[in-house]
Structures are given as structure tokens and as C-alpha cells.
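This report concerns only the one structure given below.
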Amino acid sequence: MEEQAEAPRYRTIWLVLAFMIMIFGSGLVGVHSWVNAVASRYGASVATTEERVHSNRLIVNLSRHEDSPWNAPIEEAMYVDYDDVPEVMRDAILESEDSWFFYHAGFNPIAIGKAVLSQFGDDPRGGSTITQQLAKQVYVGSRRDLRRKFDELAIALWLEWHFSKRQLLEFYFNTPFMGHNTKGIEAAARYYFGYSFKRERAQAITFTPDMAASLAVTIKNPTGGNPTKPRNMRQARRLLLAMGLTPKTLTSKAVADKRLPRRFAAHAFARDRRLSDQFGSARDLAVVRLAQKLGAKGVKDTSLDVVTFYSSEIQLYLDRAIAKYAPPIRKAGYDRLSAVVVDNATGGIAAIVAPPDARIYPGSTVKPLLALCGLVDKGWTAQTRVEDTPIGIPPVKNGDHRYLGRISLERALAASRNPPFVRMIRSFGRGCANSVLARMKTRFRFEGARDRSLALGAEPVKLMDLLNAYVTIATCGRVSNGPLILKEARDRSTQTVVLAQTAKPLAKDPKLTAGFDALHQMLQATTGPIGTANGSRFVNDVAAKTGTSDDNRQITLITFTHAYTVLVSAAASDPSRLTRRLSSHALVRMVHNINANIHGGRDPGPLGCGGGVVVAGR
């Protein structure tokens with residue numbers, strides 16, 4: 001009888017357990033579905049997450065900033081890898097922000113409970129984990145409502161499912177606003193202390209626990225509690241003591257002195273070090289392009305998070321090259337310098353020193369665009385013979401005051417001979433060249449003045465239109481809409497994407513591709529012994545074209561590799577005040593330095609458009 005009584009009892013237990021397992025499983029399925037639905041609504045993906053944490057951020061409200069882009073707030077990032085961050089910096093951030101980070105699943109119920117209770121006291125605090133903060137910064141935004149908090153939790157769980165704790169912490173090092181236009185700890189360390197985590201062995205400054213604590217507490221209050229404020233010193237000292245470390249600089253006596261920040265974060269006070277000055281040209285162009293794209297779409301009063309293609313590191317290389325090589329050029333009277341670096345993989349502007357509406361006298365940099373007519377529509381090749389002999393009244397001259405007679409098109413481009421291209425535009429007409437440019441989807445056109453002036457680049461053109469054509473050639477048509485500056489714009493409160501831009505390829509056009517391939521080969525000769533850009537070659541495959549305008553008022557050098565297109569141009573606002581009339585070769589050393597640094601010692605690979613393209617005559 002007892003055995004018969006026990007049997008129903010066991011069956012009941014198993015039924016209860018099965019029911020509980022079913023409920024638990026259903027709950028897991030429900031949570032999984034909810035998390036994925038929220039992630040899908042925000043467009044969350046591994047690639048999008050990585051792209052956003054690597055990007056600078058520009059905050060734009062068109063109604064306020066369209067006419068004064070210099071007032072648009074900037075958060076400039078310099079990405080740092082996990083292994084480059086010293087352990088004391090990692091520990092300081094974990095102790096300050098989320099000491100249970102490595103043990104929770106994306107949220108911490110205990111911290112949330114403490115945060116709720118703290119709202120009734122004198123020291124209210126947040127209960128968000130590092131993962132939840134990432135979710136807010138990267139996807140969810142800062143609007144204040146209950147739904148956002150649930151979305152933040154869902155995205156935090158999604159992040160935990162798709163990235164390791166180590167990856168998430170690395171992302172966090174690079175995302176928080178750190179005051180004074182800095183985003184992430186690398187940009188902040190450079191600004192406040194003149195220290196770089198990425199170049200530990202190449203600097204005299206020693207990073208200390210006091211600096212680590214100062215940066216860590218900045219995350220909570222980047223504006224009023226960054227290392228230039230006495231409040232930061234006090235909070236950093238408390239953090240060090242909580243970590244069991246003895247403050248060396250931030251002693252109890254020192255933090256009581258309000259002058260301490262000027263000694264401790266002296267680098268930030270030494271001179272005007274606003275990163276917005278570095279980001280200025282990219283910011284101005286981004287605001288102009290944003291107004292053009294969104295001006296009529298009802299977002300004038302919307303605060304936008306804008307992500308650009310701009311790279312702080314590449315901008316630094318560009319600025320340093322200008323600082324090193326531009327003084328003698330300026331001394332000669334060339335007082336306006338423009339420079340742009342385009343990443344050929346994305347078509348994005350990685351660095352820029354130029355106003356949004358910059359115009360230049362392109363000189364001979366237009367010759368390859370004119371030559372495309374012959375290469376694409378007339379059956380010309382690199383070895384087609386052209387005449388470098390006098391033409392016109394007065395005769396068209398060359399820079400060296402000589403004529404070479406009957407030469408190849410390749411040599412005419414490399415040595416930048418003038419008569420062959422005047423003959424070309426008179427023979428084929430500007431319509432032929434413009435037809436090819438239209439097939440390229442480029443904005444550049446030969447239009448306006450006399451054919452002779454157009455062939456020699458003696459009329460001003462928009463810098464971006466010229467660069468647009470060169471990027472299309474450099475990328476073999478993989479990028480037809482560059483150079484781009486705007487990558488993405490999102491509503492700041494909801495993080496809804498209102499604008500996204502990517503490179504657009506040309507439709508398949510074998511003749512056009514063959515023309516690009518021919519130019520790749522011919523323009524490499526410009527960097528060799530017979531070329532006007534001799535000395536530009538820092539790796540095997542570098543193509544280049546120089547341009548010197550009438551009266552040497554403007555000198556320009558454009559280079560491209562498989563990886564980057566670089567344009568540098570110097571102009572005299574008053575040509576009569578030139579003390580020396582330079583040729584574009586004066587820019588070679590600067591551009592060589594820029595290229596060597598932005599390529600980071602890596603060979604970008606061979607030029608040419610591949611895909612079985614055969615260029616006759618070589």
C-alpha cells in the first residue's frame with residue numbers, strides 16, 4: 001500500500017519539475033526573442049557596434065550650427081586596444097564604474113537596488129553596469145523614459161551575447177565623453193597629461209596610478225569633474241584609497257590646494273589644446289553636407305549624433321607633416337594650404353585641412369582626366385604618340401621652356417608637357433572628356449573658359465570635384481561618390497538613424513575600367529626619374545600627378561596608392577607678393593612624409609584595376 005501511495009507522489013513531483021522547466025524554457029525563449037527584437041529595432045550588429053566605438057562623434061543641431069559650425073560640440077576619439085591600457089587604468093575604471101563587471105550577465109540587480117534606494121538619500125547614484133552604459137552610448141541614447149531603460153537592458157544583454165568581457169571593456173575604454181572635446185581614455189590622456197597609452201615606449205612621461213584614478217572618475221562628470229577641476233582631484237584620491245593604493249601626487253594636503261590641477265594636468269593648461277581645432281575642417285564640411293542632405297527633411301531642431309569618416313590619427317600625421325614641411329613654402333608667399341586624405345576602401349575623408357567650399361587652380365592635375373577621352377573612346381594607349389611642339393599664338397610653353405617633339409602619352413603625362421593636351425582638347429573637344437566624366441558619375445567637368453585654359457587647368461575648380469574624379473580613378477570605380485565625410489547621423493534622443501552614407505560603385509564598364517588601369521600604370525611613371533613628382537615613391541606602387549597653375553600662383557600634388565588618395569595644394573592669395581615661384585615638386589617631401597606615416601610601414605599592394613583588364617601598348 002505504501003508503494004502505491006508513493007507512486008502518485010513521485011509523479012506529482014516530476015510533473016511540477018517538468019512544468020517549472022517548461023516555464024523556465026519559455027521564459028528564456030521569450031527573453032531571447034525580446035532582446036533580438038529590440039536589437040533589430042536599433043540596427044544592432046557586430047559590425048555596427050565596432051564601427052561606432054571606433055568613430056569620432058559630432059553633435060549637431062542644424063538650427064543652431066548650420067551658420068556657425070564651429071560651435072558644434074565634438075567628441076574626438078583615438079582608439080586604444082585593451083592590451084595597451086595598463087592594469088592600473090583598467091582597475092581604476094572597474095572600481096569606479098562596475099566592480100562586478102566580470103561576474104554579471106550585463107546587469108547587476110544589487111547595484112540597481114542600491115541605486116533605487118539612493119534616490120531617497122543625499123547621494124543619488126546610477127545602477128547601470130559598464131555594459132548598460134555601452135548600450136546607452138552606442139545604441140539607445142539618452143532620452144528619459146522607462147522604455148529606454150528596458151531597451152538599454154535588452155541591448156546590454158545582446159552585447160554580452162555577442163562580445164567577450166574583454167572586448168566590451170575595450171569598447172568602454174573608447175566610448176565615454178571625457179570633457180574638452182575628448183572621447184575615450186586615449187584622447188583624454190593625451191589632452192590632460194600629454195601621455196599616450198599607444199606609445200608607451202616613445203615618451204618621457206610616466207603614467208601613474210594618480211593619473212589613472214583622475215581619468216576614471218572623469219567618466220562620471222566629464223564637464224565639471226575632469227582633471228582640470230579641483231573636484232576631480234578629491235574624487236580621484238578617494239578612488240585610490242578604495243583601491244588600496246597610496247596617492248603620490250593626490251595627497252590630502254595637495255588636493256586641498258585649488259591650484260593643484262594646473263600642476264597635475266599641466267598639459268591641458270600649457271596652451272590652447274582644443275581638439276576641435278584639429279577636427280575643425282572635417283567638422284565644418286560635415287555640417288555643410290548635413291545641411292545639404294537634411295535641410296528640408298524636418299530635422300532642423302533635432303539634436304543629432306553625427307559619425308564621420310574622419311580619423312584623428314591620420315589628421316595628426318597630416319598636421320605634423322604640414323608643420324614640418326610647410327614653413328619654407330609659406331615663406332615663399334604661398335599662404336593658403338589645402339590638404340585632404342581619402343581612404344580608398346571607404347571613400348571617406350580621413351583627414352582634411354581646407355574650407356568646405358575650397359576652390360583651387362588645378363594646373364596639370366586635369367591632364368589625366370582629359371587623357372581619359374583618348375584612352376576610353378579613341379583607342380589610345382600609353383604608347384600612343386603625341387606632339388610636344390609649339391601650338392597656338394602665343395605658343396603654349398612647357399615649364400622647362402623646351403619641347404620634346406613626338407613622345408608617348410605616358411611620357412607626356414609623367415613630364416607634364418602642355419602642348420599635347422591643348423592639341424587633345426582642340427582635336428576631341430571638351431564634350432568627349434565630359435562624356436567620359438559623366439560615365440564616371442563624377443561632378444568634375446571641363447566647362448567655362450577657353451579650351452586652352454581648360455587643358456592647362458588655368459581656371460579655378462572645386463577641390464572636392466577634382467578629388468572626386470581622382471578617387472574614382474584610384475579605386476577603379478569602386479567608389480564613385482567620394483570623398484565622403486558623413487558616415488551616419490542619428491537622432492540624439494532616440495538614436496534613430498536619419499542619414500547613412502556608404503561608397504557607391506560604378507556600373508560595370510570595361511572600357512572605362514581599362515582607361516583607369518592605363519592611368520594607374522602611366523601615373524606611376526610620374527613618380528620615377530622622368531616624372532615631375534620624382535621622389536614621391538615610398539613603396540613600389542605610387543601614382544601621382546603634379547599641377548602648377550599660371551604664374552605659379554598655385555601648386556598641387558595628388559598621389560594615390562591602393563589604400564589612400566592624398567591631395568596637397570598651396571596657393572598665394574596675392575601672387576604679386578611671391579618671393580619665390582615654386583613648382584609643385586616643392587610639395588613632394590611633405591606628401592612623401594604623409595604617405596609614409598598614414599600607411600604605417602605597410603605596402604598597400606599593387607595598383608591596377610585587375611579583373612583581366614588588358615591595356616594595349618605596354
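Count residues from 1 along the sequence. Predicted model, so just to flag it, every value in this text is computed and none were measured.
- Sequence neighbours left out, the pairs with a member in residues 241-257 that pass side chain to side chain donor-acceptor pair (under 3.5 Å) are Asp257-Arg259.
- Not less than 6.0 angstrom separates the ring centroid of Tyr79 from the ring centroid of Phe173.
- Listed by chain and number, the residues in a side chain to side chain contact (heavy atoms under 4.5 Å, CB included) with Ser312 are Asn56, Glu76, Met78, Gln278, Tyr310 (sequence neighbours excluded).
- Looking at Arg283 and His65, their side chains never come closer than 4.5 Å, going by heavy atoms from C-beta outward.
- Between Glu75 and Lys183 there is no salt bridge, since none of the side-chain N atoms of the basic residue sits less than 4.0 Å from a carboxylate O of the acidic one.
- In this structure, Arg90 is positioned above the aromatic face of Tyr82, its NZ or CZ under 6.0 Å from the six-membered ring centre and within 45° of the axis.
- With contacts defined as side-chain heavy-atom distances shorter than 4.5 Å, the pair Pro355/Asp284 does not qualify.
- Applying the side chain to side chain donor-acceptor pair (under 3.5 Å) test to Asp357 and every residue at least two apart in sequence or in another chain returns nothing.
- Counting non-hydrogen atoms of neighbouring residues, nucleotides and ligands closer than 6.0 angstrom, the NZ atom of Lys331 reaches no more than 12 such neighbours.
- Aromatic pair Phe207/Phe197: centroids less than 6.0 angstrom apart.
- Classification of Glu170 and Arg166 as a salt-bridged pair fails, no side-chain N sitting under 4.0 Å from a carboxylate O.
- Heavy-atom neighbours of Lys300 NZ from other residues, nucleotides or ligands within 6.0 Å: above the threshold of 12.
- Sorted pairs that involve residues 329-349 and meet ring-ring contact (aromatic ring centres under 6.0 Å, His included), not counting sequence neighbours, are lacking altogether.
- Here the side chains of Leu260 and Pro230 are not in contact, with every heavy-atom distance at 4.5 Å or above.
- Side-chain contact check for Val140 versus Val38: every heavy-atom pair is 4.5 Å or farther apart.
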For residues 587-600, which side-chain donor-acceptor pairs fall under 3.5 Å, sequence neighbours excluded?
| from | atom 1 | to | atom 2 | distance (Å) |
| --- | --- | --- | --- | --- |
| Asn593 | OD1 | Asn597 | ND2 | 3.2 |
| Asn595 | ND2 | Thr559 | OG1 | 3.1 |
| Asn595 | ND2 | Val591 | O | 3.4 |
| Asn597 | ND2 | Asn593 | O | 3.1 |
| His599 | ND1 | Asn595 | O | 2.8 |
| His599 | NE2 | Thr561 | OG1 | 2.8 |

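- By the side chain to side chain donor-acceptor pair (under 3.5 Å) test, Ser573 pairs with Asp335, sequence neighbours left out.
- For Tyr42 and Tyr139, the ring centers sit 6.0 Å or farther from each other.
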